[in-house]
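Side chains included, hydrogens not; waters and symmetry mates left out as well; all remaining heavy atoms used.
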Amino acid sequence: MDGTIKPATGIIGTETLPQGLRGDYDRAQPDGTLPDSTIERSAADHATWRTLVTRQRGIFPGRAASSWREGLDRLRCDEAVPSLSAASEILQGATGWRLVPCPGLLPDAQFFALLAQRRFPVTEWIRRPEELDYVVEPDIFHDFLGHVPLLTNRHYAEFLEAYGQLGLQAGQRGQLAPLARFYWFMVEFGLIAERDGLRAYGAGILSSRTETLHALSAAPRRLRFDLPRVLRSTYRIDEVQPVYFVIEDYTELYDAIGRAAGLLDEAMSAEPIAPGGQAPGDRVWG
């Protein structure tokens with residue numbers, strides 16, 4: 001798929017990493033991050049970044065959420081692979097978040113701990129020019145362009161911190177499967193209803209040309225966000241999404257995390273809903 005990174009930065013639901021990953025995991029510190037250092041980027045790296053951003057910028061009008069686009073503009077990252085330290089200064093002033101470099105995928109405990117500390121892990125490496133349309137692991141384009149702009153939004157930033165805190169608790173109780181589904185549908189592939197219509201804010205959508213065009217087309221089903229339903233909804237990682245969930249405000253996500261702790265056991269024991277499947281009580285959007 002065009003530019004899509006699957007799975008997300010955190011391998012939610014695993015304690016160890018698969019073999020053959022691309023990042024420099026030998027340099028990783030105990031918390032999963034890499035030592036802060038200035039990375040030497042090549043001209044090809046910056047050209048790849050500019051190409052990817054330019055392609056996405058062309059389809060964002062009328063599709064990307066307003067808060068996300070405002071955040072992207074504040075980060076001023078169109079011309080070169082961004083500096084995490086420079087972006088962190090902007091985020092620190094806006095919401096208290098900072099970016100930390102990582103080799104790529106992280107086990108659950110490390111991933112949730114970083115979020116709970118308002119530290120967002122960003123993969124250090126960038127895809128090669130011949131990989132513009134597809135890369136299996138998350139690179140800096142997905143992590144930064146997809147996730148970071150919305151960290152300038154106070155309500156979303158508060159939600160993601162709370163999600164990390166709940167993840168640490170759920171991991172100790174063996175309740176991560178429902179939280180993985182929540183992350184997939186509401187962080188990677190979420191839609192929001194704005195005054196001028198539906199817009200995408202999910203990182204998995206906005207870092208992929210194919211998914212951005214698909215999500216706002218007539219092809220998929222779009223349902224009003226329903227927390228118990230999302231916690232039971234399984235997904236495929238190798239195709240565009242057949243179903244998206246729609247929120248009306250980012251505060252819904254924070255409120256949902258406050259309620260989720262009491263629903264995880266029920267979601268673990270309930271019959272999962274198949275990818276693209278229907279369930280009683282589904283509220284179709286629009």
Side-chain angles (χ1 to χ4, degrees), residues 1-23 25 32 52 56 102-112 115 120-123 125-127 131-147 150 160 163 167 170-171 175-191 200-217 219-223 225 229-246 267-268 270-279:
M1 283 174 220
D2 183 12
T4 300
I5 309 296
K6 295 172 179 171
T9 303
I11 305 179
I12 303 175
T14 65
E15 296 179 359
T16 59
L17 297 172
Q19 298 297 310
L21 294 177
R22 182 160 161 180
Y25 289 86
L52 289 165
Q56 288 303 96
C102 70
L105 301 172
L106 296 177
D108 300 324
Q110 293 177 343
F111 182 63
F112 288 128
L115 297 186
F120 192 83
V122 175
T123 299
W125 56 269
I126 186 169
R127 68 193 72 180
E131 298 174 311
L132 291 181
D133 291 334
Y134 183 81
V135 61
V136 176
E137 299 173 57
D139 70 343
I140 191 173
F141 179 73
H142 170 78
D143 286 349
F144 192 99
L145 184 126
H147 287 282
L150 209 50
L160 204 59
Y163 179 85
Q175 300 172 322
L176 288 181
L179 277 188
R181 297 164 188 163
F182 187 97
Y183 192 93
W184 184 262
F185 286 107
M186 307 318 302
V187 176
E188 293 288 351
F189 295 99
L191 299 177
Y201 70 86
I205 300 175
L206 294 171
S207 62
S208 164
R209 180 178 178 83
T210 297
E211 197 87 31
T212 301
L213 296 175
H214 172 76
L216 280 305
S217 74
R221 294 174 67 225
R222 288 178 284 265
L223 304 177
F225 171 58
R229 208 289 194 192
V230 168
L231 294 178
R232 293 176 53 203
S233 298
T234 58
Y235 52 84
R236 293 277 302 273
I237 68 171
D238 57 353
E239 60 184 28
V240 291
Q241 303 305 297
V243 173
Y244 300 88
F245 293 91
V246 180
M268 290 286 292
E271 183 71 21
I273 301 169
Q278 300 186 30

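R232 contributes a side-chain N or O that, together with a main-chain N or O of E271, makes up a donor-acceptor pair within less than 3.5 Å. In this structure, T212 contributes its side chain and I205 its backbone to a donor-acceptor pair below 3.5 Å. A donor-acceptor pair under 3.5 Å is absent between the side-chain atoms of E211 and the main chain of L206, judged by distance alone. In terms of modelled atom types and a separation under 3.5 Å, the side chain of S208 and the main chain of G204 share no donor-acceptor contact. Checking side-chain atoms of H214 against main-chain N and O of P220 turns up no donor-acceptor pair under 3.5 Å. Between the side chain of Y163 and the main chain of L179, a donor-acceptor pair closer than 3.5 Å is present. Between the R127 side chain and the D133 main chain, no donor and acceptor come within less than 3.5 Å of each other. A donor-acceptor distance shorter than 3.5 angstrom exists from the side chain of R222 to the backbone of A215, with no hydrogens or angles considered.
Ring-plane geometry between H147 and H142 is classed as perpendicular, the angle between the planes exceeding 60 degrees on a 0 to 90 degree scale with a lower cut at 30. Aromatic ring pairs are classed by plane angle as parallel below 30°, tilted from 30° to 60° and perpendicular above 60°; the pair F225 and F182 is perpendicular.
The minimum heavy-atom distance between R229 and L223, with the atom names listed, is NH2-CD1, 3.7 Å. Listed here is the closest heavy atom pair of G32 and Q110: CA-OE1, 3.4 Å. Of all heavy-atom pairs spanning P121 and L106, the tightest one is CB-CD1, 3.7 Å. Annotation for P242 and P275: closest pair CG-C, 4.3 Å, computed over non-hydrogen atoms. Nearest heavy-atom pair, R236 versus W184, reported as atom, atom and distance to 0.1 Å: O-CZ2, 3.5 Å.
Using a 4.5 Å heavy-atom cutoff, the side chains of Y235 and V243 are not in contact. Side-chain contact between T123 and P103 is absent, with no heavy atoms from C-beta onward closer than 4.5 Å. By the 4.5 Å heavy-atom criterion applied to side chains, Q56 and S207 are not counted as neighbours. A heavy-atom distance below 4.5 Å is found between the side chains of L105 and L21. Side-chain contact between F112 and L176 is present, with heavy atoms from C-beta onward closer than 4.5 Å. Contact of the V135 side chain with the F141 side chain is not registered, since no non-hydrogen atoms from C-beta on lie closer than 4.5 Å.
Between M186 atom CE and L191 atom CG the span is 8.0 Å, to the nearest 0.5 Å. Atom CG of L231 and atom CD of Q175 lie 10.5 Å apart (nearest 0.5 Å). Taken from OH in Y134 to OG1 in T210, the straight-line distance is 12.0 Å, to the nearest 0.5 Å. Summarising the geometry, atom CZ belonging to F185 is positioned 7.0 Å from atom OG1 belonging to T234; distances are rounded to the nearest 0.5 Å. I140 contributes atom CD1, which lies 11.5 Å from atom CG of L52 (distance to the nearest 0.5 angstrom). In this structure, D139 CG and F144 CZ are separated by 12.5 Å, a value rounded to the nearest 0.5 Å.
In this structure, F189 has its ring center at least 6.0 angstrom away from the ring center of F245.
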